[in-house]
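Being a predicted model, the structure only gives us computed values, none of them experimental. Along the sequence shown, the residues carry numbers beginning at 1. Any value given below was found using the heavy atoms of this structure, including those in side chains, with hydrogens, waters and symmetry copies removed.
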Amino acid sequence: MKNKNIIIITLCTFIVLSFTAGIIGLLERNSKKEKPPVTKYKATYVYLLDDKEVTAIPKNEKDKNSVSYSRYSCTNRVEGSWDNEKWSFTPVLTANTTCKIYFVSTEFEMSFKIENGSIANITPDQTGIYKANKKGATTADFIQEILPKEGYSYKDASCNSNNEISWDKENKELTIKNIKENTLCTVNFEISNYEVKTLVENGSGASSLTIKHGENANATVTPSIGYGTPVITCTNKQNGTWINDKFTVTKVTDNTSCTVTFKPLTFDINLSVTNGTSDVKSPIKLEYNKTKTFTLTPSDGYLTDDYVANGCDNFTKTIANNKLVLEIKTVKTNETCNITFNKATPKP
């Protein structure tokens, strides 16, 4: 009986000890799962933005929009990976290492120094620099409207990064390509030069002149003999005047072609008839070098071939069909002619 009790006590003790050992083992296994393995290696980080060392990695959303991850390099052949969502780098440490994490800017400040122009709604700083109200990006061309002063036109432009540049004359826009850093562009406008062409009809003095904006274009334009005051037309809303052989296009603001058309001189022809009538009512106007014929009919009782002419030296005189025909040829001056028919003398 005594031996039986000893066996029972021993068996119970074994069971208790086994259960306790199992509990302890389970706790140790759970404890090991919760604690990460302790590494004996260390990583040191260096951050570079556009190949220049910075004190910290960009962290906020604004920086993420203007900066992007580029690459990494770690000493001692340590590898790793970048998580763009978490914005962090995780190395696989196989040795002590220094990892350089490279970032590149994707947005840049754009500034302009403008000679004889401006950017609308932006006030330049004390040094005359205009800072654009938008940023340039590596992913797209940067386009900026720039307004030249009145009378000025685009000459040239250059940027500190030797960017490719183009100018849109119609829209007054500068396009900048290949933006890789904060950029300052110098834009130069020069006073505009215009071509003023003068065409002359019935005269001389045709010309082609190059004139600066706002200046007058002057040329000597002379009418041919028998021609006088011209009619003047100019393109592109330019205005021309002619006084005493001097032709002027005032305050030129655009390329223009002007036509100066001299009109023939006109003269007053005044023919009066006493004791008769004329088929042409007088006075009349007649252009230079033109010819005009007047047919005169004497009153009843007056003779066709017996008349007195005063001031009619430039008229030819012929009698046809019992009428006196006067003709003036190549008129070159005002004329006043009076014809008086004499009364027929009764036969005795």
Side-chain angles (χ1 to χ4, degrees), residues 151 191-274 276-297 307-321 323-340:
I191 193 164
S192 299
N193 290 315
Y194 305 112
E195 184 178 16
V196 178
K197 290 184 178 180
T198 303
L199 306 176
V200 182
E201 296 181 4
N202 303 320
S204 61
S207 63
S208 180
L209 303 173
T210 299
I211 302 298
K212 291 182 178 180
H213 178 88
E215 294 185 354
N216 295 343
N218 298 307
T220 299
V221 176
T222 305
S224 299
I225 296 175
Y227 290 83
T229 304
V231 173
I232 298 169
T233 59
C234 295
T235 60
N236 295 331
K237 299 180 180 180
Q238 306 303 294
N239 297 306
T241 59
W242 179 86
I243 299 175
N244 296 331
D245 294 348
K246 181 180 179 181
F247 175 66
T248 302
V249 181
T250 55
K251 296 182 178 179
V252 177
T253 59
D254 204 342
N255 295 322
T256 188
S257 179
C258 296
T259 300
V260 181
T261 303
F262 288 103
K263 295 299 183 181
L265 296 173
T266 58
F267 301 99
D268 292 327
I269 308 300
N270 196 335
L271 174 64
S272 63
V273 181
T274 303
T277 59
S278 171
D279 65 338
V280 178
K281 186 176 180 180
S282 186
I284 65 168
K285 289 187 177 295
L286 196 61
E287 291 182 355
Y288 177 82
N289 263 356
K290 296 293 183 180
T291 298
K292 184 64 177 176
T293 299
F294 303 84
T295 300
L296 309 185
T297 302
Y307 59 85
V308 176
N310 291 315
C312 306
D313 293 343
N314 292 327
F315 291 78
T316 61
K317 309 167 189 70
T318 59
I319 295 175
N321 300 322
K323 297 180 184 295
L324 177 62
V325 179
L326 301 184
E327 184 178 34
I328 185 167
K329 295 183 177 180
T330 61
V331 62
K332 297 179 180 179
T333 185
N334 295 329
E335 297 284 351
T336 299
C337 172
N338 176 257
I339 297 292
T340 301

Legend entry - Side chains of Phe267 and Lys290 in contact at under 4.5 Å (non-hydrogen atoms): no
Legend entry - Partners meeting side chain to side chain contact (heavy atoms under 4.5 Å, CB included) with Thr233 (sequence neighbours left out): Thr259
Legend entry - Spacing of CD1 belonging to Ile232 relative to OG1 belonging to Thr241, to within rounding of 0.5 Å: 6.5 Å
Inset, instruction - Return the set of residues passing ring-ring contact (aromatic ring centres under 6.0 Å, His included) with Tyr288 (not counting sequence neighbours), or none when no residue passes. - result: none
Inset, instruction - Give every residue pair that meets the disulfide bond (SG atoms under 2.5 Å apart) criterion with at least one member in residues 205-253, sequence neighbours excluded. - result: Cys234-Cys258
Inset, instruction - With sequence neighbours left out, write down each residue that passes side chain to side chain contact (heavy atoms under 4.5 Å, CB included) with Asn310, or none if nothing qualifies. - result: Val308, Asn338
Legend entry - Set of residues satisfying side chain to side chain contact (heavy atoms under 4.5 Å, CB included) with respect to Thr266, sequence neighbours excluded: Glu287
Legend entry - Ser282: side-chain hydrogen bond (donor to acceptor under 3.5 Å, both in side chains) partners, not counting sequence neighbours: Asn270
Inset, instruction - Kindly compute the distance separating CH2 (Trp242) from OG1 (Thr220), expressed to the nearest 0.5 Å. - result: 11.5 Å
Legend entry - Audit row: Val260, Glu201, side-chain contact (heavy atoms from CB on, under 4.5 Å) steps and yes/no: CA-CA 6 Å; Val260 181; Glu201 296 181 4; over 6 Å; no
Legend entry - All side-chain hydrogen bond (donor to acceptor under 3.5 Å, both in side chains) counterparts of Thr235, not counting sequence neighbours: Thr256
Less than 3.5 Å apart, which donor and acceptor atoms pair up between the side chains of residues 223-231 and the rest of the protein, not counting sequence neighbours?
{"residue": "Ser224", "atom": "OG", "partner": "Asn202", "partner atom": "O", "Å": "3.2"}
{"residue": "Ser224", "atom": "OG", "partner": "Gly203", "partner atom": "N", "Å": "3.4"}

Inset, instruction - Would you check, one step at a time, whether the test side-chain contact (heavy atoms from CB on, under 4.5 Å) holds for Lys197 with Ser207? - result: CA-CA 6 Å; Lys197 290 184 178 180; Ser207 63; over 6 Å; no
Inset, instruction - Under the side-chain hydrogen bond (donor to acceptor under 3.5 Å, both in side chains) rule, collect the residues that match up with Thr198, sequence neighbours excluded. - result: none
Which side-chain N or O atoms in residues 324-335 pair as donor and acceptor under 3.5 Å with protein atoms at least two apart or in another chain?
{"residue": "Asn334", "atom": "OD1", "partner": "Asp268", "partner atom": "N", "Å": "2.8"}
{"residue": "Glu335", "atom": "OE1", "partner": "Asn314", "partner atom": "ND2", "Å": "3.4"}
{"residue": "Glu335", "atom": "OE2", "partner": "Asn314", "partner atom": "ND2", "Å": "2.5"}

Mind listing the side-chain donor-acceptor pairs of residues 208-216 below 3.5 Å, one per line with the distance, residues two or more places apart or on another chain?
{"residue": "Ser208", "atom": "OG", "partner": "Glu195", "partner atom": "OE2", "Å": "3.1"}
{"residue": "His213", "atom": "ND1", "partner": "Tyr194", "partner atom": "OH", "Å": "3.1"}
{"residue": "Asn216", "atom": "OD1", "partner": "Lys251", "partner atom": "N", "Å": "2.7"}

Inset, instruction - Sequence neighbours left out, what passes salt bridge (charged side-chain N to carboxylate O under 4.0 Å, His left out) with Asp245? Give chain and number order. - result: none
Inset, instruction - Would you indicate whether the side-chain heavy atoms of Phe294 and Ile284 approach each other to under 4.5 Å? - result: yes
Inset, instruction - State, yes or no, whether a side-chain contact exists between Thr293 and Phe315 at a heavy-atom distance under 4.5 Å. - result: no
Inset, instruction - Please examine the side chains of Phe262 and Val221, heavy atoms only from C-beta on, and report whether any two atoms are closer than 4.5 Å. - result: yes
Legend entry - Donor-acceptor contact below 3.5 Å, side chain Lys323 vs main chain Thr318: no
Inset, instruction - Could you pull out the closest heavy-atom pair between Asn236 and Gln238, with the gap in Å? - result: O-NE2, 2.7 Å
Inset, instruction - Using a 4.5 Å cut-off on heavy atoms from C-beta on, say whether the side chain of Ser272 contacts that of Thr274. - result: no
Inset, instruction - Check whether any side-chain N or O of Thr248 sits under 3.5 Å from a backbone N or O of Thr250 as a donor-acceptor pair, and report yes or no. - result: no
Legend entry - For Leu296, the option from Leu271, Asp279, Thr277 that meets side-chain contact (heavy atoms from CB on, under 4.5 Å): Leu271
